[in-house]
Amino acid sequence: MFIKWIIIIMAVLNFGYMAFDGSRALATGDYIRPTSGEYAGQLGPWSKAVQKIGINPESTAMKLIFVIWGIAGLAITVAFATGQPWGWKALLVMNICTLWYAMMGTMSGIIQILLLFLMKMILNKNS
């Protein structure tokens, strides 16, 4: 099903980027940041969200959260892709819980959530 592949690609890009950026930040000391434009040198809006709950966005703990979150998301994506019975719900929950990762993570998560429900509706209609 075409919708399933769109979800998989979006999830791999989103969670893969999180794992990569967190790993890179652990290795080099910093996340990937824009080098030009209005937001040059700044972290994304997600950093303000985690600061509000008391996590320093540049801390080792936050970098580890990125890595673990990204790897968990990739593992759940594999479960979804291979048709594990719990894969659909797990990917839905993971995307809901990723809405804090503003901007790209939020947009990707919302699109994936909508596509997951659309896929479910189509499958239920065809059964």
Would the distance check show the side chain of [X] and the main-chain N or O of [Y] forming a donor-acceptor pair, the cut-off being under 3.5 Å?
X    : Y    : value
S108 : M104 : no
K63  : A27  : no
D21  : Y17  : no
R24  : D30  : yes
T106 : L99  : yes
W69  : F15  : no
W100 : C97  : yes

Following the transitive rule for hydrophobic clusters with a side-chain heavy-atom cut-off under 4.5 Å over Ile, Leu, Val, Met, Phe, Trp and Tyr, establish whether [X] and [Y] coincide in one cluster.
X    : Y    : value
L114 : W5   : yes
M10  : L118 : yes
I6   : M121 : no
I68  : Y101 : no
I32  : V50  : yes

Closest non-hydrogen atom pair, [X] against [Y]:
X    : Y    : value
I3   : L115 : CG2-O, 3.6 Å
A81  : I8   : CB-CD1, 3.6 Å
N56  : M62  : O-CB, 3.5 Å
Q112 : A11  : OE1-CB, 3.2 Å
A72  : M94  : CB-CE, 3.9 Å

Practice problem: Quick one: do L43 and K48 satisfy side-chain contact (heavy atoms from CB on, under 4.5 Å)? Show the steps, please. | Solution: CA-CA 9 Å; L43 293 175; K48 291 169 184 51; over 6 Å; no
Any side-chain heavy-atom pair from [X] and [Y] closer than 4.5 angstrom?
X    : Y   : result
M119 : K4  : yes
I65  : I55 : yes
P57  : Q51 : yes

For the [atom1] atom of [X] and the [atom2] atom of [Y], what is their distance to the nearest 0.5 Å?
X    : Y    : atom1 : atom2 : answer
L116 : N95  : CG    : CG    : 6.5 Å
I96  : I113 : CD1   : CD1   : 5.0 Å
T98  : I110 : OG1   : CD1   : 11.5 Å

Quiz item: In terms of the angle between their ring planes, are W88 and F117 parallel, tilted or perpendicular, with boundaries placed at 30° and 60°?
Solution: perpendicular
Quiz item: Given the side-chain rings of F66 and Y31, with only the six-membered ring counted for Trp, is the space between their centroids under 6.0 Å?
Solution: yes
Exercise. Would you confirm whether the ring centroid of F80 sits within less than 6.0 angstrom of the ring centroid of W86?
Key: no
Self-check item: Nonpolar side-chain network containing L64, other nodes, edges under 4.5 Å
Solution: L26, V67, I71
